[in-house]
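For reference, the structure discussed in these notes is given below.
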Amino acid sequence: MPDEAMWDRFFDAPAVLQRLGLRSDARCVVEFGSGYGTFTLPAARLIRGKVLAFDIEPDLVALVQGKAQAAGLTNVVCTVRDFVTTGTGLADGATDYVMLFNILHAEQPETLLREAWRILQPGGRLAIIHWNYDPSTPRGPSMAIRPRPEQCRVWAEAAGFRLLAPGLIPLPPYHYGLVLERPAEHHAAR
Ligand SMILES: C[S@@+](CC[C@H](N)C(=O)[O-])C[C@H]1O[C@@H](n2cnc3c(N)ncnc32)[C@H](O)[C@@H]1O
């Protein structure tokens with residue numbers, strides 16, 4: 001990742017969360033890879049529930065937990081964890097909104113999406129952000145591993161998600177978003 005000041009300039013985080021449908025009544029948001037907390041703190045300010053943020057880097061986890069504390073946000077819990085190899089450790093259906101932001105170039109995107117599906121309650125939402133599939137962006141993973149939005153959709157649908165309207169959400173200047181749903185279970189009519 002670039003340094004924090006540069007990274008933060010790529011996003012208007014509150015606007016992004018609003019465009020991706022995060023609502024104030026969210027009960028529990030889970031973030032895979034919280035980085036500098038670019039989206040962690042804005043999410044915590046927006047919702048009445050809690051934000052569970054996971055990252056593999058202890059220094060980043062301490063940074064974000066410290067920022068939340070300094071901001072008086074008591075609804076942020078940051079945890080050091082490798083979610084590719086060990087998942088989140090959360091219970092099935094523990095969350096109603098998952099953020100997979102700038103992480104699906106990871107080695108096992110399908111593993112992350114299956115874990116997101118497992119921890120989401122039926123009807124819960126998955127929000128994805130990634131760098132535009134465009135070599136002229138000033139940063140971002142190499143094009144060899146950078147997923148196209150269509151690829152993210154295919155992976156997510158294979159994990160059981162359903163893409164919600166409007167589909168591709170441009171997040172200028174350099175990103176796109178997708179919002180998907182873990183479909184609610186259908187109960188047979190009595
Ligand atoms: C490109 S940054 C994105 C940070 C944040 N989601 C954002 O968009 O601002 C990816 C983050 O995921 C973390 N990460 C990468 N692989 C991970 C893994 N296997 N387990 C936990 N965290 C991981 C990195 O340490 C990094 O902080």
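Quick caveat, the model's predicted, so the values are computed rather than measured.
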Would you indicate whether the side-chain heavy atoms of [Y] and [X] approach each other to under 4.5 Å?
X	Y	answer
I129	L20	yes
L52	C28	yes
I145	S142	yes
L90	T95	no
V77	K50	no
I119	D92	no
L180	R125	no
V29	M99	yes

* With sequence neighbours left out, write down each residue that passes ring-ring contact (aromatic ring centres under 6.0 Å, His included) with F54, or none if nothing qualifies. =>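 Expected list: none.
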* With Y176, which residues qualify under ring-ring contact (aromatic ring centres under 6.0 Å, His included), at least two apart? ->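 Counting only residues at least two positions away or on another chain, Y176 forms no ring-ring contact (aromatic ring centres under 6.0 Å, His included).
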Looking at [Y], is its backbone amide N or carbonyl O close enough to the side chain of [X] to form a donor-acceptor pair, meaning the two atoms are under 3.5 Å apart?
X	Y	result
R81	D55	no
R19	P170	yes
N132	D134	no

Testing the basics here: between [X] and [Y], what is the closest heavy-atom pair and its distance to 0.1 Å?
X	Y	answer
A184	P122	CA-CB, 3.8 Å
A44	N75	O-ND2, 3.0 Å
V64	C78	CG1-SG, 3.7 Å
L60	G35	CB-O, 3.6 Å
P149	L178	O-CD1, 3.7 Å
R182	L120	NH1-O, 3.0 Å

Same hydrophobic cluster for [X] and [Y], using side-chain heavy-atom links shorter than 4.5 Å among ILVMFWY?
X	Y	result
L168	L17	no
V51	L41	no
V98	V16	no
V179	L171	yes
V154	I128	no

* Does R9 come within less than 4.0 Å of E4, counting only side-chain N to carboxylate O? ->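 Not counted as a salt bridge, because no side-chain N and carboxylate O are separated by less than 4.0 Å.
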* **Lys/Arg-Asp/Glu bridge criterion (N-O < 4.0 Å) met for R118, E115** =>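 Counted as a salt bridge, because a side-chain N and a carboxylate O are separated by less than 4.0 Å.
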* Between H105 and H130, do the side chains contain an N or O donor and an N or O acceptor separated by less than 3.5 Å? ->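 Side chains of H105 and H130: pair found under 3.5 Å.
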* Would one find more than 12 heavy atoms of other residues, nucleotides or ligands at under 6.0 Å from atom CD of Q69? ->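 Incorrect, the count does not exceed 12.
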* **Other residues, nucleotides, ligands: >12 heavy atoms within 6.0 Å of R27 CZ** =>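 Enclosed: over 12 neighbouring heavy atoms sit under 6.0 Å from CZ of R27.
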* To do: Please test S24 against I47 for side chain to side chain contact (heavy atoms under 4.5 Å, CB included), starting from the C-alpha separation and ending with a verdict.
  => CA-CA 4 Å; S24 60; I47 68 166; 5.7 Å; no
* Asked: Strictly under 6.0 Å, is that where the ring centroids of F39 and F11 end up?
  ->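 Aromatic pair counts; centres sit under 6.0 Å.
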* Taking the six-membered ring for Trp, are the ring centroids of F10 and W131 within less than 6.0 Å of each other? ->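 F10 vs W131: aromatic centres under 6.0 Å.
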* Carefully, step by step, assess L113 and L126 under the rule side chain to side chain contact (heavy atoms under 4.5 Å, CB included). => CA-CA 9 Å; L113 287 157; L126 164 68; 3.5 Å; yes
What is the distance from atom [atom1] of [X] to atom [atom2] of [Y], rounded to the nearest 0.5 Å?
X	Y	atom1	atom2	answer
D3	D8	CG	CG	9.5 Å
E31	T38	CD	OG1	8.0 Å
C152	F161	SG	CZ	12.5 Å
M1	W7	CE	CH2	5.0 Å

* Asked: Would R114 and T111 count as a side chain to side chain contact (heavy atoms under 4.5 Å, CB included) if you check the C-alpha gap in whole Å, the side-chain angles of each, and the deciding distance to 0.1 Å?
  -> CA-CA 5 Å; R114 280 196 298 273; T111 303; 3.8 Å; yes
* To do: For side chain to side chain donor-acceptor pair (under 3.5 Å), just list the numbers for R146 and T137, CA-CA rounded to whole Å, side-chain angles, deciding distance to a tenth of an Å, and then say yes or no.
  => CA-CA 12 Å; R146 194 184 298 204; T137 57; 2.8 Å; yes
* Pairs involving residues 67-100, ordered by first then second residue, that meet ring pair (Phe, Tyr, Trp, His ring centres under 6.0 Å) (sequence neighbours left out) ->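 For residues 67-100: F32-F83.
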* Stepwise side chain to side chain contact (heavy atoms under 4.5 Å, CB included) test for L22 and L46 -> CA-CA 8 Å; L22 180 60; L46 175 62; 3.8 Å; yes
